[in-house]
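To keep things clear, I will list the structure first and then write my remarks on it.
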Amino acid sequence: MLRLSSFASLLASFLLIAPLAAQDEPAPPDLSEAKMLYGLSLFWQEANYNFAFFDQVPDLDWDATYEAFIPEVLAAKSTYEYYRVLRRFAALLQDGHTSVNFPRAFRYRESYPWVLVRNVEDQALVVNVGRSLEAEIPINSVIETVDGVPAADHAAGHQLPYVFSSTEHHRWDEALRWVLRGPAEESIEITYMMPDGERRERTLSRDRRTREDEWLLPTSSTRPRFEMHWLEEGIAHVVLNTFNDTLVVSDFEAALPELYDARALVIDVRQNGGGNSNNGYRIAAYLTDDTLQTSAWRTRQNIAAYKAWRREDYVGMDAWFDGGTHGEVPPADGRRLIVPTVVLQEHATFSAAEDFLVAIDAIPHITTVGRPSGGSTGQPLMFELPGGGSAFICSKRDTYPDGRDFVGVGAQPDITIAPTVEAVQSGRDPALEMAVVLLRDQLAGD
């Protein structure tokens with residue numbers, strides 16, 4: 001089924017990475033104390049009745065936290081500061097489909113330089129730069145300090161409190177990913193180690209929104225939705241970068257005549273941030289002769305009379321409606337693609353892409369390799385906030401069909417392989433290498 005929150009995540013990424021299409025709208029008038037308190041109370045209330053994962057934040061006393069944030073909200077000196085407080089409040093729920101979003105007028109209040117980084121071994125590894133910075137800050141440099149503070153510490157202090165994420169590994173990935181982000185009008189000083197070992201310093205403007213440049217490599221908004229390559233010994237490598245577009249299914253089906261010649265298959269969803277789960281299911285249907293089970297789901301339920309009658313589960317606000325599963329996925333019509341298969345997954349495998357991992361979990365000839373997925377899916381409840389912002393509350397709890405959790409922990413791979421700085425800098429892909437080794441061994445044993 002469609003994960004609306006996946007669309008929201010993709011939209012947020014687009015707004016951060018796409019070229020600036022328009023200047024900020026005029027800032028709304030500062031909110032009254034009553035309006036600020038109402039917005040905080042509204043978010044608290046909707047989460048209190050609808051949030052599906054309070055058990056995964058056992059140390060969070062939601063009522064006490066709400067009370068503690070009242071003076072913080074009332075102390076906000078502007079609507080912008082108020083929203084930063086709300087975002088920090090929402091982040092305490094530690095869920096990737098639960099968030100507070102700035103009003104449009106403030107979307108570009110924060111920016112970043114023409115440098116994109118990735119968390120590799122808890123280090124901020126440069127993965128893309130504007131062409132004007134290509135020679136000075138080469139890709140695969142490691143940013144060591146930001147404004148004189150070690151990069152990881154800077155991320156912990158400035159980004160981590162505002163990250164909406166369901167797993168600790170994804171939370172840190174996001175914090176380091178945006179370690180250079182901050183007030184658009186301020187510059188930032190970095191020290192970094194180039195791939196050749198030379199250490200440099202540089203002052204960068206957070207000018208992503210105001211200066212023309214071009215990314216050296218494709219970004220998430222320009223990366224192709226489907227790729228196919230041939231590896232050694234008849235092994236096909238299929239990359240599915242999104243399930244947000246039904247055309248990814250068309251691309252896969254168009255490639256089937258060639259894929260039928262494959263002796264083995266690698267399916268790569270490491271950069272797949274989700275979209276429409278049905279697109280993933282339609283591709284999974286080609287990989288088996290069996291009917292596949294999809295994730296089970298449930299949602300919280302409140303019946304006022306039951307609470308008044310002191311039914312324990314309703315008094316404790318722990319009553320649930322069991323929705324069963326999202327249905328069965330029958331095998332695809334016609335010829336299917338049943339060969340030894342490895343699916344590559346990563347922390348960035350998210351939402352509807354995790355539903356794909358759940359669906360293929362029981363296919364015996366598929367092995368998963370990589371790292372735990374982002375661990376976040378579900379159905380967000382969306383509502384508006386005072387001042388023009390909005391919020392999401394994850395209202396649906398998805399699990400494997402047998403009840404195992406993957407939200408909050410990530411779908412676990414059969415074989416764990418983590419990227420390293422050395423491997424990335426040398427152009428190696430350990431997970432893909434492992435996939436080839438596994439498939440080569442399986443083919444040799446046939």
Check: E174/S165 side-chain N/O donor and acceptor closer than 3.5 Å: no
Test item: side-chain donor near acceptor, D414 and T368, under 3.5 Å: yes
Polar side chain donor-acceptor pair, T242 to N272, under 3.5 angstrom: no
Heavy-atom check, side chain of I137 versus side chain of Y192, under 4.5 Å: yes
Side-chain donor/acceptor of S166 to backbone N/O of V407, under 3.5 Å: no
Check: D30 and S78 side chains under 4.5 Å, non-hydrogen atoms: yes
Main-chain N/O of L381 paired to E46 side chain as donor or acceptor, under 3.5 Å: no
Sub-4.5 Å side-chain heavy-atom contact between F243 and N278: no
Test log, rule ring-ring contact (aromatic ring centres under 6.0 Å, His included), inputs Y281 and H326: CA-CA 11 Å; Y281 295 154; H326 288 105; 7.7 Å; no
Validation row: L74, I70 side chains within 4.5 angstrom (heavy atoms): yes
Sidechain-backbone polar pair: W297 side chain, K396 backbone, donor-acceptor under 3.5 Å: no
Candidates Y82, W44, W62 - the one meeting ring pair (Phe, Tyr, Trp, His ring centres under 6.0 Å) with F89: W62
Test: R109 cationic atom under 6.0 Å from Y80 six-membered ring centre, within 45° of axis: yes
Exercise: do S351 and H97 side chains pair donor with acceptor under 3.5 Å: yes
Side-chain heavy-atom pair P113, I188 within 4.5 angstrom cut-off: yes
Electrostatic pair E422-R428, nearest N-O below 4.0 angstrom: yes
Worked check of ring-ring contact (aromatic ring centres under 6.0 Å, His included) between Y83 and F106: CA-CA 9 Å; Y83 267 89; F106 301 135; 7.0 Å; no
N241 side chain vs Q271 backbone, donor-acceptor pair below 3.5 Å: no
Short side-chain to backbone donor-acceptor contact, T167 and G374, under 3.5 Å: yes
Note: D405-R397 ion pair, threshold 4.0 Å (strictly below): yes
Expected output: side-chain T288 to main-chain A285 donor-acceptor under 3.5 Å: no
From CA spacing to verdict: side chain to side chain contact (heavy atoms under 4.5 Å, CB included), L160, R171: CA-CA 7 Å; L160 198 63; R171 186 171 299 111; 3.3 Å; yes
R404 to Y400, cation-pi by 6.0 Å centre distance and 45° axis angle: yes
Side chain R87, main chain V100, donor-acceptor under 3.5 Å: yes
Backbone N/O of R371 and side chain of Q345: donor-acceptor pair under 3.5 Å: yes
Under 3.5 Å donor-acceptor, E354 side chain and S376 backbone: yes
Over 12 non-hydrogen atoms of neighbours within 6.0 angstrom of CD in Q45: yes
Within 6.0 Å of CZ in F383, more than 12 heavy atoms from elsewhere: yes
Y162 and R84: side chain donor to acceptor below 3.5 Å: yes
Among V424, V142, V421, side-chain contact (heavy atoms from CB on, under 4.5 Å) partner for E121: V421
side-chain contact (heavy atoms from CB on, under 4.5 Å) partner of I283, the single match among V269, V238, L240: L240
Stacked cation flag R208 on W114, 6.0 angstrom / 45 deg: yes
R300 (side chain) donor-acceptor with F51 (main chain) under 3.5 angstrom: yes
